[in-house]
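Report on the following structure.
These figures come from a predicted structure and were not determined experimentally. Protein chains get the first letters and strands the later ones, always in sequence-line order, with residue 1 at the start of each.
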2 protein chains.
Amino acid sequence: MQRGRVGERLPTLEDVARVAGVSRATVSRVINGIRNVDPQLHEVVWNAVGQTGYVPNRMARSLVTRRTGTVALIVSDSESHDDDPFMSRFFADPYFGRVVGGLMSVLRRSGVQLALQIVGTEDGRRRLVGDLRNGQADGVVVLSLPAVDPLPGMLVDGGVPAVMIGRPGDAVPVDYVDLANETGASLAAEHLLGRGCQQIGMISGPAEVPASSDRISGFRRTMARHGHGWVPMAAGNFTQDSGESAMRTLLAGHPDLDGVFVANDLMALGALLALRDAGRAVPDDVAIVGFDDSSAAVAATPALTTVRHPLEDMAAEAARLLLARIDDPAMRVSSVIYEPALVPRQSA
Amino acid sequence: MQRGRVGERLPTLEDVARVAGVSRATVSRVINGIRNVDPQLHEVVWNAVGQTGYVPNRMARSLVTRRTGTVALIVSDSESHDDDPFMSRFFADPYFGRVVGGLMSVLRRSGVQLALQIVGTEDGRRRLVGDLRNGQADGVVVLSLPAVDPLPGMLVDGGVPAVMIGRPGDAVPVDYVDLANETGASLAAEHLLGRGCQQIGMISGPAEVPASSDRISGFRRTMARHGHGWVPMAAGNFTQDSGESAMRTLLAGHPDLDGVFVANDLMALGALLALRDAGRAVPDDVAIVGFDDSSAAVAATPALTTVRHPLEDMAAEAARLLLARIDDPAMRVSSVIYEPALVPRQSA
DNA sequence: TTGTACGCGTTATCAA
DNA sequence: TTGATAACGCGTACAA
């Protein structure tokens with residue numbers, strides 16, 4: 001085994017061929033496991049590979065095969081300025097890491113690389129789709145943050161294999177993996193009603209984004225079914241701070257509140273803080289149900305009763321779906337919906 | 001502007017050249033901003049580019065320039081089995097996301113892509129270094145988890161521009177960005193001593209990893225300087241669960257404990273739980289100081305007094321350092337050490 | 001079964 | 001200043 005030295009030209013197929021005493025084509029065939037090769041040469045070639053320390057050049061290979069062995073995770077932001085404080089919050093959230101972990105768990109097994117792309121401008125989207133069509137990656141997993149996002153449509157039009165995590169904002173024939181958000185919100189509502197809460201409110205995310213609006217509608221529907229045709233609501237933006245101020249707002253308008261469904265755990269953490277400040281005990285005075293079952297839920301005091309969102313599993317499924325679509329671009333468009341479950345802990 | 005159609009062959013330089021009525025070489029020059037071009041042609045060419053919807057093929061370009069415009073974030077794990085529950089924990093930690101966010105904040109500005117690589121086997125390392133030397137990425141940022149890791153040395157030997165986040169376990173001439181972990185531990189010790197704690201213990205990370213051992217030695221040294229030549233310790237592995245059980249162990253052996261320095265916030269969260277179970281009030285009975293100032297610190301109850309670890313800034317600096325080294329491989333090996341600061345909150 | 005030769009889309013060298 | 005033409009490293013028809 002050769003020790004790599006700086007500056008030394010790397011061995012190419014040609015070098016291996018010379019050492020093995022065969023043609024470049026034969027070496028290529030052996031390496032790619034083509035059947036029609038003399039078993040004897042097979043061994044000779046592999047020896048030469050070991051001797052030279054040859055490693056295939058992925059770029060040269062991709063140029064001709066039009067396959068890269070890479071998929072990209074695209075975080076599609078809305079029009080963003082160069083200085084984007086939101087992005088740093090996004091990355092620090094458990095959400096991002098859970099998705100990456102789930103993707104990696106299946107991609108790794110297939111020897112597929114993961115690249116990370118952030119795009120937030122019209123120009124950025126055009127370049128991205130162009131690069132993708134050029135074979136920059138074999139396919140993409142899209143994490144779309146804005147309520148309405150032109151990217152999914154562009155990808156589909158461009159023939160780029162794509163899978164979204166979370167349903168697209170507008171109707172686009174694209175594969176996606178999602179959670180039954182309405183069901184999750186229903187579970188939360190029923191749990192609060194079941195423990196006898198009389199005045200139940202909700203802290204939601206931005207009303208425009210699909211995941212958020214689904215949780216709102218699911219919650220409203222179930223509450224209505226139980227005689228609560230109207231429920232007090234306040235909107236946050238999924239951050240802890242926004243949850244805290246939403247809770248204050250809610251409390252100010254409805255001092256008799258005894259139960260709150262919060263659309264994600266991070267905001268629930270903020271709500272807990274606001275309630276403590278207001279001198280309300282959780283769950284005795286006010287019961288809280290979060291959403292996500294993130295690490296924040298068990299870290300909270302009291303531990304959050306929450307709705308489990310199997311993000312890792314969903315991301316893994318998205319990866320599988322993507323690999324399948326890459327393999328067969330003609331595959332019919334499909335979606336996989338995961339069922340949430342209520343995780344009872346101390347807060348409700 | 002052309003609307004991309006599936007299957008349609010993408011325009012190449014040749015196509016643009018034909019439309020513009022010039023040679024391929026000229027188009028290339030215009031696109032790459034070479035000076036020696038007739039301003040008139042300049043415009044003609046750009047029009048042709050717009051008309052055809054041309055996007056340069058990065059792979060073909062990289063093949064000849066040996067530059068990819070990509071850097072890789074390598075998570076170097078110790079020998080890992082295919083099924084790696086640790087990895088999913090790692091990604092779910094705020095740590096990973098903060099690093100990615102910091103890196104992206106500077107890479108984005110330079111139009112550099114980020115790729116993600118996980119490697120944990122000897123074979124994986126060899127392939128990785130081979131790919132890297134082949135120009136798979138222009139350079140790498142290394143997050144090395146194991147105590148002793150052959151990867152940094154391999155990268156240096158291979159002439160791969162690399163920057164580590166956290167100092168290397170063994171002496172390797174590689175750039176790195178690190179935190180003054182000893183100083184941070186000292187600050188924690190002094191804070192606990194300053195508030196009058198008499199029996200102070202520590203919950204550490206794995207003793208072999210550099211960041212962890214530095215925190216241990218810094219803590220011990222400062223305690224010794226104040227007359228505490230020996231301090232009770234228990235080791236965890238940076239997870240919340242391990243912090244909880246380490247706290248129980250510590251408490252069992254030293255019931256009179258009134259102060260604990262915990263080597264990261266996640267474990268501190270676990271310690272808080274164990275203390276609550278044991279009926280000890282924080283900070284009145286036992287004061288707790290964490291480490292990292294992660295989002296977990298403010299989410300905790302009581303909010304954690306902790307040591308600020310400016311990971312985003314450090315990752316951003318690592319990215320800058322890497323870009324500089326890529327630009328000038330002969331640059332002398334350098335390291336940047338960040339100073340931690342104590343962030344006082346409720347827990348101590 | 002093996003080798004020859006061409007093409008993938010660029011950049012870079014060298015004449016013109 | 002511009003245009004042929006040769007690399008870059010590889011896969012693969014096609015021929016032998």
Specify the separation, in whole Å, of atom CD of A/Gln136 and atom P of C/dG9. 15 Å
Among C/dT2, D/dA4, D/dT2, which nucleotide has an atom closest to any side-chain atom of B/Leu41? D/dT2
So CG of A/Leu151 and CD of A/Glu122: to nearest 0.5 Å the spacing works out to 9.5 Å
Roughly how many Å is it from CD1 in A/Ile31 to P in D/dG9, rounded to a whole number? 14 Å
Under 4.0 Å: is that the gap between some side-chain N or O of B/Arg66 and OP1 or OP2 of D/dG9? yes
Give me the ring orientation class for A/Tyr95 and A/Phe90: parallel if the planes are under 30° apart, tilted from 30 to 60°, perpendicular past 60°. tilted
Among C/dG9, C/dT1, D/dC10, find the nucleotide with the atom closest to the side chain of A/Leu63. C/dG9
So, is B/Asn57 close to the C/dG9 phosphate, meaning a side-chain N or O under 4.0 Å from OP1 or OP2? no
Expressed as a whole number of angstroms, how long is the span from A/Leu10:CG to D/dC10:C1'? 15 Å
Under 3.5 Å, is there an N or O donor on one side and an acceptor on the other linking the side chain of A/Arg58 and the base of D/dG9? no
Without decimals, in angstroms, what is the distance between A/Met59 CE and C/dG7 P? 23 Å
Rounded distance (Å) that lies between atom C1' of C/dT2 and atom CD of A/Gln40: 14 Å
Interatomic distance, B/Ile34 CD1 vs C/dA12 P [rounded to whole Å]: 7 Å
Given atom CZ of B/Arg18 and atom C1' of C/dG9, what is their separation to the nearest angstrom? 14 Å
Would you compute the distance between atom CE of A/Met104 and atom CG of B/Leu116 and round it to the nearest 0.5 angstrom? 4.5 Å
Residue whose closest nucleotide on DNA chain D lies nearer the 5' end, B/Asn134 versus B/Asn36: B/Asn36
Selected nucleotide, minimal atom distance to B/Arg29 side chain, candidates D/dG11, C/dT13, C/dT10: C/dT13
Does OP1 or OP2 of D/dC10 have a side-chain N or O of A/Ser28 closer than 4.0 Å? no
Is there a side-chain contact between B/Ser23 and the phosphate of D/dT2, meaning an N or O under 4.0 Å from OP1 or OP2? no
Under 4.0 Å: is that the gap between some side-chain N or O of B/Arg61 and OP1 or OP2 of C/dG9? no
Using a cut-off of 4.0 Å on non-hydrogen atoms, how would the nucleic acid contact of B/Val55 be classed: base, sugar-phosphate, or nothing? sugar-phosphate
Can you tell if the side chain of A/Leu103 reaches within under 4.5 Å of the side chain of A/Val141, non-hydrogen atoms only? yes
Please state whether the phosphate of C/dG3, meaning OP1 or OP2, lies under 4.0 angstrom from any side-chain nitrogen or oxygen of A/Thr26. yes
Pairwise distance CG(B/Asp149) to CG(B/Asp170) - rounded to 0.5 angstrom: 8.0 Å
When you get a sec, tell me which of D/dG9, D/dT2, D/dT12 is the closest nucleotide to the side chain of B/Asp38? D/dT2
With a 4.0 Å cut-off on heavy atoms, is B/Leu13 in touch with a base, just the backbone sugar-phosphate, or nothing at all? base
Ignoring the backbone of A/Arg24, work out which of D/dG11, C/dG9, D/dT2 is nearest its side chain. D/dG11
Have A/Asp15 and A/Thr52 got a donor and an acceptor in their side chains that come within less than 3.5 Å? no
Base, sugar-phosphate, or nothing: which does B/Asn32 touch, judged by heavy atoms less than 4.0 Å apart? sugar-phosphate
